[in-house]
Each structure stands twice: as C-alpha cells, then as structure tokens.
Amino acid sequence: MPHAARRDGSRRLRYGRLPHRARARLLHRDRVRAVRCTAVAARDLWGRPLRHPDSGDRRRGSPLRRVRHGRRRPRRTLEGAREACRGAESSRRLFDCGGGRGRGPRAQARPRAARSWRRRRVRLAGRPDPQAARARRGTGSASRRDRRARRAQSQGGRRAGPQERAAAQGGVDAGPQGCLQVMAQAKKITPRAQDFSEWYNDVIMQAELADYSPVRGCMVIRPHGYHVWELMQRALDDMFKATGHRNAYFPLFIPMSFLAKEAEHVEGFAKEVALVTHTRLKATGKTGAQAVMPDPASLLEEPLVVRPTSETIIYAMFAKWIQSYRDLPLLLNQWCNIVRWEFRTRLFLRTTEFLWQEGHTAHATEAEAEAEARQMLGVYRTFQEQWMAMPVITGLKTESEKFAGALRTYALEALMQDNKALQAGTSHNLGQNFAKAFGVQYQTAAGGLEHVWNTSWGVSTRMIGGLVMTHSDDNGLVCPPKLAPVQVVIVPIWKSEEERGQVLGVGDQVKAELVKAGIRVELDARDSLKPGAKYFEWEAKGVPLRLEIGPRDVAAGQVMTARRGGSKAPLKLDGLARTVATALDEVQAALFKAAYERREAHSIRGVTKQQFLEFMKGAGGFAYGGFCGSAACEGEIKQQTAATVRVLPDPEFRSPEGPKTCMWCGKPSVAEAVWAQAY
RNA sequence: CGGGGCGUAGCGCAGCCCGGUUAGCGCGCCUGGUUCGGGACCAGGAGGUCGGUGGUUCAAAUCCACUCGCCCCGACCA
C-alpha cells in the first residue's frame with residue numbers, strides 16, 4: 001500500500017525553504033491547479049463541458065477529479081514535510097537539483113560522476129534507506145519480501161510481519177544511522193529459536209544446498225547439495241552391491257492402467273500423480289504464455305503417468321523375466337527421480353519432484369521376502385547412524401501409515417531439532433499383491449506354479465533435509481565429516497606479498513598431503529575476502545574442520561585448527577594427515593552422540609493420556625506408550641494432538657517394561673507405539 | 001467462484017496519491033588501490049522494455065481500461 005502511507009499528507013512539501021528550482025516547480029504546479037479549479041464550475045481549461053468522472057469520462061486527470069481529491073486532503077505542515085523528506089527519495093532529488101548537480105553541462109558530461117556524488121552524499125548524511133523509511137511508517141507493502149515470508153508460511157512456518165522481520169534483520173529502524181547499521185549487520189540466518197522453518201530455509205540457501213525453481217513445488221539441487229547426495233549414493237550403493245543387488249533403470253512414464261491394477265496402490269497415489277496426455281505443442285498465433293498449446297490431435301489414447309514410484313512397471317517386467325525358481329531371488333535397485341504432486345512443499349522434505357533410490361526384489365518364499373525387507377531396513381539404519389550421524393528408531397508402520405499396496409511397511413524415524421519426527425526411509429514387504437496383479441509367477445522345483453513374494457525399499461533426498469535438521473545450528477549447516485563435500489578447508493592468512501607466497505606454499509603442501517590421505521580438502525586462496533569472511537562462509541556450508549595458516553604458523557611449523565562450532569588449537573605439521581583424520585572421526589562420533597542424547601532428552605516412555613496431551617502440547621518429541629491398534633484411536637489422537645504413530649518399535653527400541661493398556665483408550669495394548677508430530 | 005493485495009536492477013525496497021530533472025537506495029556484482037589472525041575501506045563502474053497491451057496527455061513507472069502472473073482470506077471439495 002504505497003499510497004495509503006501517505007494519506008496523512010506528511011509527504012507534501014510547501015515552498016518554504018526549498019531550493020530555488022524545486023520551489024519554482026511547485027509554485028508553477030499549484031498555479032496551474034488553481035486555474036483548473038476555477039474551471040470546475042462548468043467547463044475545463046479548454047472550454048469543453050465537464051462530465052462526471054463516472055459517467056464515461058475516464059480521464060482521471062480531469063479537473064473535477066483533482067479538485068475532489070484536493071478537498072479531502074488534510075492540510076500539510078512544513079514540519080510534516082521535513083519529517084517525510086528524511087526518508088523520501090523524491091525530496092532528496094529536489095534538494096540535490098537545487099544545487100545544480102543533477103543537471104547542467106557538468107552533469108551531462110559526466111552523468112555517472114553526478115550519481116556517485118549523490119551516493120556519497122547520502123552515505124555521509126546518514127540518511128536512512130527506503131526500507132528504513134518504510135519501517136518507520138509502520139506499513140509494509142506486500143511484495144517480494146512478503147511473498148517469501150508467505151511461501152515459508154505455506155510450507156508450514158509462521159509468517160513474520162514486515163516489522164518483525166525488519167527487526168530481526170537488525171537495526172533498520174534506527175533512524176539516521178540506519179544504513180550504516182544495515183551495512184554492519186551480516187547475520188543472514190534466522191535463529192532456530194525464533195522461527196524453525198525460516199531457519200531451515202536460510203541454512204539451505206546459505207549453504208547453497210538448493211534453490212527454488214521457476215516451477216512451483218520443485219527445487220534445484222545446487223552443486224554443494226548434490227555433492228552430499230552423491231556421497232550418500234556412493235555409500236548406500238556400495239552397501240546395496242554388498243548385499244547382492246544390481247542397478248537397473250526403468251522408464252519415467254508408466255501406462256495409466258498399470259496403476260489401476262493394484263487396488264490399494266492406485267488409491268494411495270491417485271491424488272498426486274502427474275499425467276502426460278499430449279505429445280505435441282501447437283502454435284496458437286498469440287503471444288506470451290499462450291503462444292503454444294497442446295495439439296488436440298496429439299492426445300494420447302491412454303495417458304502416461306509420471307512415476308510416483310515404480311512398483312507397477314517393474315513388476316510388469318519381472319513377469320517377463322521370471323519363469324523358474326532358478327531366476328530367484330531377483331534383486332534390483334534403481335536410482336531415479338519421482339514425481340508426486342504435493343500441495344505443501346518444503347525444500348528437500350517434500351517437493352513435487354525428488355531423487356531417490358528404489359530397490360525391488362522378488363523371492364520364492366514369504367520368509368525370504370520378509371528377511372530382505374528387514375535386511376534393507378538394517379542397511380538404512382547403518383547408513384543413517386554411521387554416515388549421517390542421525391539416530392533412528394526402526395519399526396513397523398500401522399495399517400493407516402503403511403505403503404499403499406504393501407503387506408507390511410517398516411520405517412526409520414528420526415527426531416529433528418524442533419522435536420518433530422522425520423520418516424527417513426521405508427522398507428516394504430509387498431507380499432504377493434503385485435505379483436498377483438501383474439502375474440509374476442515362477443515354476444517351483446516340484447513343478448508347481450507360484451506367485452513371487454516382493455519387497456521394495458527406498459530412501460530419498462529427503463535425508464538431506466534430515467541431515468540439516470539434525471545437526472545444523474544458527475551459523476549454518478553442520479555436516480558429519482563422512483558426508484561433507486568439503487571435510488577440511490584451509491584458510492591462508494597474509495599481509496605482504498612475501499607472506500602470501502610462504503603461506504600459500506605451506507597451504508598447497510598441506511592440501512596435497514591431506515588429499516593423499518583421502519580427505520576432501522579445499523584451499524581457499526581468494527584474495528577478495530578477508531579471512532573472517534571466509535570462516536563464516538565455510539561454516540555456513542558445514543565444513544567440519546578448518547585449518548588456518550598464517551605467517552606465525554609458518555614460522556612455528558604448525559597450523560591452527562578450528563572445529564565447526566568448537567575452539568581453536570594449534571597442530572604440528574608433522575603427521576598432520578593422521579591427526580586430521582582422527583579429528584574428523586571424533587567429530588563424526590560427537591555429532592551422533594549429541595543427536596542421540598538430544599533425542600533421548602525429548603523422549604518420554606510409558607506415557608499416560610494426560611502426560612501425552614501435555615507432552616504434545618509442549619515441546620513435543622517421541623512418546624512411547626501402549627496402543628490398542630484401532631484406527632479410531634489413531635484418528636482421535638491425530639485430531640487432538642497432531643501426533644501420529646511413527647512406528648511400533650523393534651525390540652531394541654522398546655521400553656524395558658511393555659505397556660499393558662492403550663495409553664489413550666485404556667483397552668488392552670497390542671503393541672508399544674512411538675508417537676510424534678511428524679513432517 | 002467471491003473479496004483483498006502485490007508485480008520497478010540478481011535480492012530486498014523507495015518513487016505512483018498530486019504525470020514533468022538523467023527512475024533511485026541498501027546488499028550483491030565488476031575494475032583498481034590500500035587492507036587481510038572472525039563478516040574491510042576508498043575510488044571508479046556495470047546492470048532496468050518500471051509484468052504486458054491499449055488509452056488519456058505536449059509528456060505516463062505515476063492517471064484510466066483490459067490482460068497475464070503470484071500471494072492472502074473466504075466459499076466449494078475432501
């Protein structure tokens with residue numbers, strides 16, 4: 001509302017002590033207006049009869065209109081004008097041109113010089129920038145900044161008002177010194193305590209993990225983020241191979257009818273599949289976005305579904321490949337992208353398109369399939385604990401939370417720093433559901449014909465979101481060394497050119513040594529930034545260990561080390577690779593320990609209904625308690641507390657003493673459950 | 001579908017109400033110099049079809065109409 005702010009008229013300048021030129025202009029304008037006013041009675045300035053503005057005369061500039069506006073306006077005072085003037089660019093222009101600087105031969109000859117002069121002058125005068133002016137007026141036009149806030153809100157966060165945000169960014173309403181303070185403030189990450197969602201987005205943006213894309217609900221994974229994914233892929237892929245799986249690739253497009261073949265499955269995904277219905281575009285002759293449209297002649301007889309998961313097409317192929325028990329087990333995996341048309345999206349956690357891995361296997365017996373599903377759950381657990389340093393609870397999903405089409409779904413659940421649970425991976429025993437739907441049969445040794453037993457299991461780029469929310473802090477990303485794209489950054493420090501040579505010499509040497517030891521290391525030799533700026537940058541990007549090398553270190557044959565979030569200490573150059581490797585291991589272990597302790601500190605066991613309600617209303621976390629197994633109870637709990645059963649935990653995670661009754665309804669308990677509010 | 005709001009430089013925003021100077025500010029970016037042990041400074045510079053189309057006017061970022069895109073609220077649906 002840029003206009004409303006000024007309805008109080010404080011912007012109005014009277015002639016007062018304005019520079020000559022500005023004064024003359026205003027005088028002229030008002031004189032013209034006065035003439036127009038006199039014409040209102042019957043005719044305009046050009047003698048044409050006046051019509052009412054609403055009667056078809058659309059010229060808002062008509063004298064009648066102007067006068068009506070004029071009457072409504074309150075009187076302006078010189079004081080009000082001066083006050084407004086302090087933040088107003090337009091008035092600044094008036095003042096400047098009064099000095100003859102904006103115009104005239106000199107300015108025309110060197111327009112850039114004039115502009116620079118004005119910039120300097122503004123800086124020297126300490127005049128606040130327009131943002132400050134806006135903040136002082138206490139209004140906010142909803143534009144891009146607000147849009148971003150709203151986007152955050154639509155993604156589950158709370159919207160911060162313009163003023164609140166301004167305050168958070170530090171000192172923008174600080175009057176004449178405003179612009180100086182804005183320049184001094186450098187913190188770009190919203191603190192967790194203030195707004196967790198905003199913090200999460202900030203960390204991802206500052207660490208350059210990802211960015212928003214022009215396509216709503218989709219994101220771009222930037223090199224730094226993709227590198228994390230590649231490291232995840234490598235570790236997991238090695239484990240998949242070690243357990244006998246091979247990679248393959250199945251098509252992105254699936255015939256729509258395939259989804260319909262398994263009743264539960266189609267129901268589970270119907271609401272979020274994208275369809276390909278046409279194969280050609282056609283020029284419309286219009287311009288802009290309407291320049292092309294789908295060619296009606298190219299309408300597909302059967303639409304293609306963009307895979308929301310690949311069970312159907314994979315088992316259709318399995319039917320072709322599997323004939324005998326000798327073909328089993330068939331153990332495949334594919335790395336690919338997936339599309340699920342989500343309405344509420346969040347970077348990494350829930351996007352319309354995401355990357356994942358989906359394993360699909362076929363077995364001769366139910367026991368074998370069950371063992372496979374359990375085995376892969378274990379693989380995921382190992383990966384998440386040992387690589388991601390993220391503690392997880394494994395267990396069984398309830399009927400309402402299981403995968404559409406599965407017999408049983410197992411999952412891994414991690415607790416984020418805002419005490420909400422994140423499902424970090426799933427492994428399904430699909431039974432014979434898909435085998436029957438797609439006719440995947442094999443001949444047994446005895447000569448009979450049987451349907452195979454299938455499993456599927458997957459983890460996705462969502463784990464990167466889990467990684468962020470498990471370890472990171474208000475300074476940015478904290479990345480466990482095993483998944484850190486850059487494990488060590490070397491920041492050289494120098495004053496003279498001579499020192500630069502020495503320091504970089506040692507830096508190169510150290511880098512080579514670490515690379516040789518298999519450590520991912522970066523030497524930041526940029527001379528456009530001061531060392532301090534580099535520290536902040538690499539911290540935001542989650543580098544676990546920093547080595548500083550300055551002239552004093554060179555002289556002493558040492559480097560300064562600083563762990564992410566820790567203190568500095570000198571290290572001898574001798575045997576550096578080994579000490580660094582040890583330090584990285586320690587960091588990895590410490591991150592897991594801290595995350596584990598945090599989770600346990602926010603877990604409550606053997607809850608009563610009353611405790612449960614308070615727990616979920618308060619800080620939240622994992623609540624362990626008895627569960628009767630009824631969907632009705634689940635629904636009621638979800639409605640009242642927003643918490644759901646995350647898993648029925650595996651024995652290792654269960655409480656020493658099992659619950660006897662459902663913590664909600666008091667009926668006999670069928671299993672201990674872990675509840676939490678979830679992503 | 002109804003109501004409201006917003007589109008100006010890569011980002012965040014002034015300017016519009018009341019048309020008139022070369023459309024500005026902060027951050028970021030480029031060049032040069034001085035700096036460099038926790039977010040440097042100075043100087044110079046690049047970058048804008050003011051969402052689009054049409055209209056009014058001697059003159060439109062500014063007024064009018066239409067249009068495109070985005071956001072919020074409500075309704076509908078679940």
Given the [atom1] atoms of [N] and [M], what is the spacing between them in whole Å?
N: B:G5; M: B:A9; atom1: P; result: 22 Å
N: B:C50; M: B:A61; atom1: P; result: 7 Å
N: B:C17; M: B:A75; atom1: P; result: 37 Å
N: B:U62; M: B:A46; atom1: P; result: 26 Å
N: B:G52; M: B:G38; atom1: P; result: 48 Å
N: B:C25; M: B:G15; atom1: P; result: 15 Å
N: B:A43; M: B:G4; atom1: C1'; result: 48 Å
N: B:G44; M: B:U56; atom1: P; result: 45 Å

Gap between atoms [atom1] and [atom2], on [X] and [N] respectively (whole Å):
X: A:Ile549; N: B:C36; atom1: CD1; atom2: P; result: 19 Å
X: A:Glu272; N: B:A78; atom1: CD; atom2: P; result: 18 Å
X: A:Arg526; N: B:G28; atom1: CZ; atom2: P; result: 14 Å
X: A:Met560; N: B:G38; atom1: CE; atom2: P; result: 11 Å

Euclidean distance, [Y] [atom2] relative to [X] [atom1], rounded to 0.5 Å:
X: A:Leu349; Y: A:Ile204; atom1: CG; atom2: CD1; value: 7.0 Å
X: A:Leu209; Y: A:Leu347; atom1: CG; atom2: CG; value: 9.5 Å
X: A:Glu353; Y: A:Ile221; atom1: CD; atom2: CD1; value: 8.5 Å

Base, sugar-phosphate, or nothing: which does [X] touch, judged by heavy atoms less than 4.0 Å apart?
X: A:Arg546; answer: base
X: A:Lys568; answer: base
X: A:Glu539; answer: base

Strictly by Watson-Crick or wobble contacts shorter than 3.5 Å, is anything paired with [N], and which nucleotide is it?
N: B:C77; value: none
N: B:G44; value: B:C30
N: B:C6; value: B:G69
N: B:A61; value: none

From the set B:C36, B:G38, B:G37, return the single nucleotide nearest to any side-chain atom of A:Phe536. B:G38
Mind running salt bridge (charged side-chain N to carboxylate O under 4.0 Å, His left out) on A:Glu497 and A:Arg500 for me, showing each step along the way? CA-CA 5 Å; A:Glu497 200 54 30; A:Arg500 181 172 186 270; 3.7 Å; yes
I'd like to know if the side chain of A:Arg564 and the backbone of A:Glu539 have a donor-acceptor N/O pair within less than 3.5 Å. yes
Quick test of your reading of the model: are A:Lys638 and A:Glu401 salt-bridged, counting only N-O distances below 4.0 Å? no
Less than 5.5 Å between centroids and less than 30° between ring planes, does A:Tyr535 satisfy that with B:G38?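 No, A:Tyr535 does not stack on the base of B:G38, since the centre distance and plane angle fail the 5.5 Å and 30° test.
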Closest nucleotide of RNA chain B for A:Pro531 versus for A:Lys271: which of these residues is on the 5' side?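 Going by which nucleotide is closer to the 5' end, it is A:Pro531.
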Phosphate-side-chain proximity, A:Lys530 and B:G37, N/O vs OP1/OP2 below 4.0 Å: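 So the side-chain polar atoms of A:Lys530 do come within 4.0 Å of the phosphate oxygens OP1 or OP2 of B:G37, strictly under.
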